[in-house]
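Written below as structure tokens is the structure these notes are about.
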Amino acid sequence: MILDEYNIPDLPARPEKPRERGLTHMLDKGLSARQAEDVLAVGAAYIDLVKLGWGTAVITPNLRRKLEVYQSADMPVYFGGTLFEAFFLRNQLDTYRRLLDDLSVEYLEISDGSVSMAQEEKLDAIRTFAQDFRVLSEVGSKDANNIMPPYKWVEFIQAELEAGSWKVICESRESGTAGLFRPNGEIRSGLVDEIVARVNPKDIIFEAPNKMQQVWFIKHQGANVNLGNVAPEEVIPVETLRLGLRGDTLFTFRTPDVSASLSNGAHGDGAERS
Amino acid sequence: MILDEYNIPDLPARPEKPRERGLTHMLDKGLSARQAEDVLAVGAAYIDLVKLGWGTAVITPNLRRKLEVYQSADMPVYFGGTLFEAFFLRNQLDTYRRLLDDLSVEYLEISDGSVSMAQEEKLDAIRTFAQDFRVLSEVGSKDANNIMPPYKWVEFIQAELEAGSWKVICESRESGTAGLFRPNGEIRSGLVDEIVARVNPKDIIFEAPNKMQQVWFIKHQGANVNLGNVAPEEVIPVETLRLGLRGDTLFTFRTPDVSASLSNGAHGDGAERS
Amino acid sequence: MILDEYNIPDLPARPEKPRERGLTHMLDKGLSARQAEDVLAVGAAYIDLVKLGWGTAVITPNLRRKLEVYQSADMPVYFGGTLFEAFFLRNQLDTYRRLLDDLSVEYLEISDGSVSMAQEEKLDAIRTFAQDFRVLSEVGSKDANNIMPPYKWVEFIQAELEAGSWKVICESRESGTAGLFRPNGEIRSGLVDEIVARVNPKDIIFEAPNKMQQVWFIKHQGANVNLGNVAPEEVIPVETLRLGLRGDTLFTFRTPDVSASLSNGAHGDGAERS
């Protein structure tokens, strides 16, 4: 990319892939194999994980072909937690496991956003699957009226990490109106502060489907916050937000000294501009 | 698709195509031929009809090539009612008919969402075109302030079906803010109840461009409600809503007994989860 | 296109490309080269200029390939003003100029939407770059709380045109919530009236990312108003709005006489409709 040829100083450093911090986690809700190729053509370096949303995987024709596209680009893919829940509530997790094995899908999301599951039952599922899969578990209800206090979020996140979850996803729905967010889309910032004070941020993925939320997390948690449910067409925009190359974050990662000198108009390259 | 290989019990049955119930009716507002191929690569089994929105067809370059893509997949295509209205208000329906013949388009929408047309005049148009085309007619104004009482909707729908309409479309605009919906996007549920109580639901297509509306119709009218103005990227998501494979409808089609046993934690496959 | 074969009378005339009025100015926020081909396959005749939004260009892999796609279709491309600002605030406009030369990009946007820049400094930059580039400059803050009175807008626009700007862009953000628009997305119509009363409309591009805004500008400023920040998938819809082929503008360009005869039901081609 051009940024490698024309260095722009003072941009926040981004770890190389595979990385543990600064993950961008893309939501594919039914792309064709060719559309997945298009997404990777520009986004491969910026996307760390692809989720095939909820139950979309099982009704996508030629799913194997699409998985091949992602897997041949070394892009981990997993299926949305609602699919786990659909098999769980039918007592068919053995079938789900066979399905994942058959498709060589090595990541799996365990969630209880819609089904009710005793905590111990969920931790058991995490322990069992973590023996053979990289498990992402999700905390937070999809029900906008189900408001859980911060200490509960922290307790659940810690318990699931101890049970073997690779990352814990903090729920917000595709629309950003539940879990971390109030029904009006406003963020529960006290909740986020409490979570990151008590859990290593590398272990958490914040679902942030909307730009306002992405900006908020990047400004408050830094360029390398883990963001989830990013739409395919927002992968490049999110990366520019992380790098301070979009208006919203242009000054977020600048040192105070430099900004000060700028507001005085004390620029050094007047030659180019006058 | 995977669902054929790994059966998930208790999913609502979907009729085979071509079908009369459970239609998904996609809005193409200017796709290229290749983009249409991408849409069909994943959506062909789920889309029943494609509308080239309003007047987009006549300004789309290489329209014949795009029509070929759809028609070679046995996908019926028609042009939005506003195009009919554009020719109608210029007294050029003869030109419109030649255009449709020339392009081998066999479906046609007759609407009066923007033009004013006496009811008898509209019924005449339906009768005439129904001799040579499969006619979709549309009821409901695009004007958000034009609130029509339920009995009028029913009367118009019935009269148009008698005049020869194959389906009657209930208007909501692409944005979901008129006709069936209040200007704030909220659904007029009493209106919908009245319509389905008096008209065979197979004869009606409800425009439901937004997810909230799609969920509402599927929950209230069942998996096989006919839905219109679905965006290309929402075809797969809508199918998962119909099948109960998305959080919003995960329990919509489950029998009470099964749900009850689940909430007791009486699952049979503990082996997989513990 | 079909419109060339089947004439629809009374459509507003659109100037041939390259044109000075009626520009549609597309925002590419990270398309792949193949996606850019798809956009051009249907939109080439309707798009006058492509902006690679803010800093997206420098992180897009294979940018040269994408530029080739646009340039081989004679489609001018330029980079968003935020990228200019990112180099400006680092005193590296010389680097930016080398980068543009290297990529054969002949258009350049000069903005101060996020950085603070004395007016004279901005005019100097315009004068300097206008010697070698076609300069678009942008007026209006990205800050929703920064409300500038109309006379100031006019003064800035006129000064920038005199300094050598080819067009002045009136800011509204991608989301349409600043500059020309109030934070709630409502248009500052008195401001627009004042601008067009004092500046030749061919010299101005109004950013209008949302449909409501596009309709407003077309109804108030005519079919050939210059519109900016149009999303790729909205290029065809915007062109139908300009031509009066969508419900919102179906009657906007009709002469009063014709409309009058229609509302009387005095159509001449009853044969086709009855």
Side-chain angles (χ1 to χ4, degrees), chain B residues 28-35 38 53-66 80-83 85-99 102-103 110-111 113-118 120-129 142-143 173-175 178 231-232, chain C residues 1-11 14 34-46 210-212 215 231-255 258-259 261-274:
Chain B
D28 168 342
K29 56 184 192 178
L31 299 176
S32 73
R34 188 160 65 186
Q35 289 170 323
D38 281 330
W54 54 98
T56 57
V58 296
I59 68 158
T60 299
N62 305 314
L63 177 67
R64 284 179 173 84
R65 171 76 194 106
K66 180 159 81 169
T82 300
L83 190 58
E85 298 182 41
F87 281 97
F88 168 81
L89 68 82
R90 287 168 176 89
N91 302 333
Q92 298 203 315
L93 288 181
D94 52 342
T95 307
Y96 190 42
R97 178 189 280 266
R98 278 208 322 276
L99 185 161
D102 179 11
L103 297 170
I110 293 180
S111 65
S114 302
V115 302
S116 69
M117 218 171 163
E120 199 43 47
E121 195 171 28
K122 189 177 180 190
L123 295 176
D124 274 351
I126 294 171
R127 274 179 215 115
T128 306
F129 278 101
K142 285 187 194 303
D143 181 349
R173 307 222 63 179
E174 194 199 344
S175 50
Chain C
M1 60 183 186
I2 298 301
L3 207 50
D4 298 329
E5 307 171 36
Y6 293 87
N7 178 50
I8 304 181
D10 296 324
L11 297 188
R14 296 273 289 134
R34 188 160 65 186
Q35 289 170 325
E37 286 172 5
D38 282 329
V39 166
L40 293 178
V42 287
Y46 309 123
N210 300 327
K211 186 192 157 195
M212 189 199 69
V215 170
E233 65 274 18
E234 298 301 326
V235 167
I236 293 282
V238 163
E239 189 69 18
T240 58
L241 284 174
R242 291 184 186 279
L243 290 172
L245 292 173
R246 191 167 188 178
D248 314 78
T249 58
L250 194 60
F251 289 98
T252 305
F253 308 108
R254 303 279 301 162
T255 60
V258 178
S259 300
S261 83
L262 281 169
S263 64
N264 294 334
H267 308 291
D269 64 344
E272 275 76 47
R273 294 200 317 285
S274 59

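Both backbone and side-chain heavy atoms feed into the values below; hydrogens, waters and symmetry mates do not. In what follows, every chain begins at residue 1, and chains take the letters A, B, ... in the order their sequences are listed.
Using a 4.5 Å heavy-atom threshold, the side chains of B:V115 and C:F251 count as touching. C:I2 is not listed as a side-chain neighbour of B:T60, based on a closest heavy-atom distance of 4.5 Å or more.
Applying the salt bridge (charged side-chain N to carboxylate O under 4.0 Å, His left out) test to B:E120 and every residue at least two apart in sequence or in another chain returns B:R127.
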* Any chance you could lay out the side chain to side chain contact (heavy atoms under 4.5 Å, CB included) test for B:R34 and C:R34, step after step, and finish with the verdict? => CA-CA 10 Å; B:R34 188 160 65 186; C:R34 188 160 65 186; 2.7 Å; yes
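If you take CG on C:D4 and CD1 on B:I59, they are separated by 11.0 Å, rounding to the nearest 0.5 Å. Distance check, rounded to the nearest 0.5 Å: CD of C:E5 to CG of B:L63 gives 9.0 Å. The distance from the CG atom of B:D28 to the CD atom of C:E233 is 12.5 Å, given to the nearest 0.5 Å. Note that OG1 of B:T56 is 12.0 Å distant from CD of C:E239, once rounded to the nearest 0.5 Å. Considering CE of C:M1 and CZ of B:R64, their distance stands at 13.0 Å, rounded to 0.5 Å. One distance of note links CG of C:L40 with OG of B:S32; it measures 10.5 Å at 0.5 Å rounding.
What you find for C:L245 and B:A86 is that their closest heavy atoms are CD2-CB, 4.1 Å.
Contact of B:A57 with chain C is made through the backbone alone, with heavy-atom distances under 4.5 Å.
Contact count against chain C (heavy-atom pairs under 4.5 Å) is highest for B:T82 among B:T82, B:I110, B:N62.
The backbone N or O of C:P9 sits less than 3.5 Å from a side-chain atom of B:R90, completing a donor-acceptor pair. No donor-acceptor pair closer than 3.5 Å links the side chain of C:Y6 to the backbone N or O of B:V58.
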